[in-house]
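Structure record follows, encoded as structure tokens.
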Amino acid sequence: MQIGIDQLAFYTPKTYLDLVDLAHTRNQEPDKYRIGIGQSQQAVIPVTQDAVTLAANAAVKIVNTTNRDQIAMVLFGTESGIDNSKSAAVYLQRLLHLPGNIRTIELKQACYGATAGVQFAHDYVRLHPDKQVLVIGADIARYGLNTPGEVTQGGGAVAMTISAEPRLLNLDNETAFKSEDIMDFWRPLYRTEALVDGRFSENVYIDFFKAVWQDYQQQTGRAIADFTAFAFHLPFTKMGLKALRAILPEADETQQKQLMANFEASRVYNRQVGNLYTGSLYLSLRSLFDNATLKPGQRIGLFSYGSGAEGEFFSGTIGDQFDTQASRQWFTDFFGSRQQLTMAQYERVFSQKLPDHDVLLDLSHDDARFVLSGIKHDQRQYVDRGN
Ligand code: CAA
């Protein structure tokens, strides 16, 4: 029996910042951002969206009458949690009208949370092949105005269903992971922006990638020649390029060209959205699916990295019913209908924060189906405009 990713959907708001504007305002060379960092644009998330609404807007595309009653768990990976006690998944259960006899859990280990969800789901479906697990990666990446990390901000959500006989990706059973207490990136409870040791975090990412890649090869006997493409966690797309370059000499010249071309396909969407922490690897996988020429049976390698730190290398083969037409169309329409913000507008939206008292938010600038309309009695108020 094959188990893996059956559906993979994405959502981010339409408002974005062009990074050439950011470069000019911050007195940087635009090519530092476009080439040195590998980003062109970043999603700007309004105060009327949070991890829950981003997730609901992504998940509503893949949860419907055909699979709703099969969903046995919601595993919600996020590092932008809205409550220290209650999981974001339980809000999602209500917004999506999911059944009552399910588990609703939030998972946290920086950008690795959604991968924990995928792996736990894989194990669960093996025991319960008639069930599906909804896995979410939803975040808002914030470093602060005028910080080195500013160019690597962004946000959004991916939603995946993990099932038996999946259409998109059959996950292999073998996987290599590594964990170590490291202070490369963190966000204390009292902060809305992350703290990061930038260059150190890049080095730890590469060290973890090399370690788990080695471990995976030893476990499986597979080598780089067994892979058609790699998808990486992309906090900024140059990071994935650095990781790929670290192992590229293991491939012959023809394969190096193929891996580089597929890497370009895997960063098309991330380059325009920015970092979305837990969802980033899976947006890159979606980008690879939609922009490369792939065939059923081909093997993809995936590297997940969450600062602090946890890394995992795992793999899968393209499913027999692999079809990307609808997704490609959605992204074309989405990128064609986005609204570019000026620097002043971006700084205003970025600086808007939820107060710690009751508030009614102005929803007129947010066209999403699920929105945060305010706070009442210390409870976030969510609205589904689709009903
Ligand atoms: N043309 C082309 N390239 C240029 C250039 C130009 N005109 N000017 C500079 N560059 C290049 C530099 O040579 C450098 O390239 P290399 O990395 O290959 O050496 C690159 O642009 C970036 O330049 P700097 O290192 O000077 O950039 P910086 O000091 O401003 O910071 C950063 C870059 C460390 C990534 C910073 O943006 C940051 O801290 N980001 C957040 C942390 C992060 O994303 N870390 C990634 C690993 S952690 C993780 O993955 C988890 C997560 O999601 C956070």
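Below, all heavy atoms of this structure are taken into account, side chains as well, without hydrogens, waters or symmetry copies. Order of appearance sets the numbers: ligands from 1, and atoms from 1 within every ligand. Owing to the predicted nature of the structure, the values given are computational and were not obtained by experimental measurement.
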*For Cys111, counting its heavy atoms only, list the atoms of ligand 1 lying under 4.0 Å from any of them.*
51 (C), 52 (C), 53 (O)
*Which atoms of ligand 1 have any heavy atom of Gly198 under 4.0 Å away?*
34 (C), 39 (O)
_Within reach of ligand 1, part of Asp31 (heavy-atom separation under 4.0 Å)_ = both
*Under 4.0 Å from a heavy atom of Phe185: give me the atoms of ligand 1 that qualify, with their elements.*
54 (C)
*Just which atoms of ligand 1 are under 4.0 Å from any heavy atom in Tyr305?*
48 (S), 49 (C), 50 (O)
_Least distance between heavy atoms, Asp356 atom then Asp378 atom_ = O-OD1, 4.4 Å
*Identity and separation of the nearest protein heavy atom to atom 42 (C) of ligand 1*: Val196 CG2, 3.6 Å
*Can you tell me the protein heavy atom closest to atom 37 (O) of ligand 1 and the distance?*
Pro148 O, 2.8 Å
*With Glu310 as reference, evaluate Phe208, Tyr305, Phe177 under the side chain to side chain contact (heavy atoms under 4.5 Å, CB included) test and give the passing residue.*
Phe177
*Is the closest heavy-atom distance from Lys238 to ligand 1 below 4.0 Å?*
yes
*Separation of Arg245 CZ from Lys238 NZ (nearest 0.5 Å)*: 6.5 Å
*Measure the spacing between OG1 of Thr324 and CZ of Phe289 and express it to the nearest 0.5 Å.*
9.5 Å
_Tyr124 six-ring face occupied by Lys131 cation (under 6.0 Å, within 45°)_ = no
*Tell me which one of Ser201, Ala110, Gly149 gets a heavy atom nearest to atom 47 (C) of ligand 1.*
Ser201
_Between the side chains of Asp50 and Arg380, is the shortest nitrogen-to-carboxylate-oxygen separation below 4.0 Å, so that they form an ion pair?_
yes
*Nearest protein heavy atom to atom 54 (C) of ligand 1, by residue and atom, and its distance?*
Tyr143 OH, 3.1 Å
*Work out which heavy atom in Ser327 is nearest to a heavy atom in Arg286; give both atom names and the distance.*
OG-NE, 3.1 Å
_Nearest protein heavy atom with distance in Å, relative to atom 34 (C) of ligand 1_ = Glu202 OE2, 3.4 Å
*So which protein heavy atom does atom 16 (P) of ligand 1 come closest to, and at what separation?*
Lys242 NZ, 3.5 Å
*N/O of Tyr205 under 3.5 Å from N/O of ligand 1, yes or no?*
no
*With only distance considered, is His233 within less than 3.5 Å of ligand 1 through an N or O on each side?*
yes
*For ligand 1, which atoms sit closer than 4.0 Å to a heavy atom of Glu29?*
7 (N)
*Proximity to ligand 1 by part of Lys32, non-hydrogen separation under 4.0 Å*: both
*Is the number of heavy atoms from other residues, nucleotides or ligands within 6.0 Å of NZ (Lys108) greater than 12?*
no
*Between Val204 and ligand 1, which residue portion shows a heavy-atom distance shorter than 4.0 Å: side chain, backbone, both, or neither?*
neither
*If you measure from the Lys or Arg side-chain nitrogens to the Asp or Glu carboxylate oxygens, is any gap between Arg222 and Glu174 under 4.0 Å?*
yes
*Would you check if the side chain of Ser287 reaches a backbone N or O of Tyr269 as a donor-acceptor pair within less than 3.5 Å?*
yes
*Closest candidate by heavy atom, reference atom 41 (C) of ligand 1, pool Thr152, Thr278, Leu276, Ile206*: Thr152
*Looking only at protein heavy atoms, which one is nearest to atom 22 (C) of ligand 1, and how far off is it?*
Ile37 CD1, 3.9 Å
*When the ring centroid of Tyr11 is compared with that of Trp330, is the distance short of 6.0 Å?*
no
*To the nearest 0.1 Å, how far is atom 11 (C) of ligand 1 from its closest protein heavy atom, and which atom is that?*
Gly36 CA, 3.6 Å
*Quick one: sort the Phe313 and Trp213 rings into parallel, tilted or perpendicular, breaks at 30° and 60°.*
perpendicular
*Would a search of protein heavy atoms around atom 13 (O) of ligand 1 find one under 4.0 Å away?*
no
*asked:* With a 6.0 Å cut-off (strictly less than), is the heavy-atom count around OH of Tyr382, excluding the residue itself, greater than 12?
replied: yes
*Quick one: nearest non-hydrogen protein atom to atom 48 (S) of ligand 1, plus distance?*
Ser307 OG, 3.4 Å
